[in-house]
Enquirer: 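Right, I'll just put the structure down here and ask away after.
Along the sequence shown, residues carry numbers from 1. Just so it is clear, the model here is predicted, and its values are computed rather than measured. Scope of the values below: all heavy atoms of this structure, side chains included, with no hydrogens, waters or symmetry mates.
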Amino acid sequence: IEAKAEDDFRQCFDRLAAIAPEVRRNDVKRLPDRLMILNLSILSPRERVPEIGDVLAGFLAEGVDVRFTGPWPPYSFVGAAGAKS
């Protein structure tokens, strides 16, 4: 299970990073009945959203549970006041 989770994580992250200008990993959340392997914030132009959805749909078709939400304000990509990024 760990090997499959690591493989899915790497493939998903790499495919999304190839589409979006910026992808950030967020902390995974504890779920009572599932193993969350990836929690991302993706900064992307709106016209690339269908491509992101296609990547995620591929994982969904393989039986991986996917939750795709947004668009959200880009607060995940803004540094603290005065901080250099």
Enquirer: If I take atom CD from residue Glu51 and atom CZ from residue Arg15, how far apart are they, to the nearest 0.5 angstrom?
Expert: 13.5 Å
Enquirer: Once you round to the nearest 0.5 Å, how far does NZ of Lys29 lie from CZ of Arg34?
Expert: 13.5 Å
Enquirer: Consider salt bridge (Lys or Arg N to Asp or Glu O under 4.0 Å). Of Asp7, Asp14, Asp8, which one does Arg10 pass it with?
Expert: Asp14
Enquirer: With the side chain counted from C-beta on, respond yes when Leu40 and Arg24 share a heavy-atom pair under 4.5 Å apart, and no when they do not.
Expert: no
Enquirer: Nearest 0.5 Å, please: how far is CD in Glu22 from OG in Ser44?
Expert: 11.5 Å
Enquirer: Do Asn39 and Asp27 have side-chain heavy atoms sitting under 4.5 Å apart?
Expert: no
Enquirer: Do Asn26 and Leu38 come within less than 4.5 Å of each other through their side chains, counting heavy atoms only?
Expert: no
Enquirer: Nearest heavy-atom pair of Leu43 and Pro21: which atoms, and what distance?
Expert: O-CD, 3.0 Å
Enquirer: Carefully, step by step, assess Val28 and Ile37 under the rule side-chain contact (heavy atoms from CB on, under 4.5 Å).
Expert: CA-CA 7 Å; Val28 293; Ile37 62 169; 6.0 Å; no
Enquirer: Contact between Leu56 and Cys12 at the side-chain level, heavy atoms closer than 4.5 Å - yes or no?
Expert: yes
Enquirer: So which atom in Pro50 and which in Glu47 form the shortest heavy-atom distance, rounded to 0.1 Å?
Expert: CD-O, 3.5 Å
Enquirer: May I ask you to decide whether Glu2 forms a salt bridge with Lys4, counting only side-chain N to carboxylate O separations under 4.0 Å?
Expert: no
Enquirer: Using the side chain to side chain contact (heavy atoms under 4.5 Å, CB included) rule, pick out the option among Ile52, Leu60, Ile42 that qualifies with Phe68.
Expert: Ile52
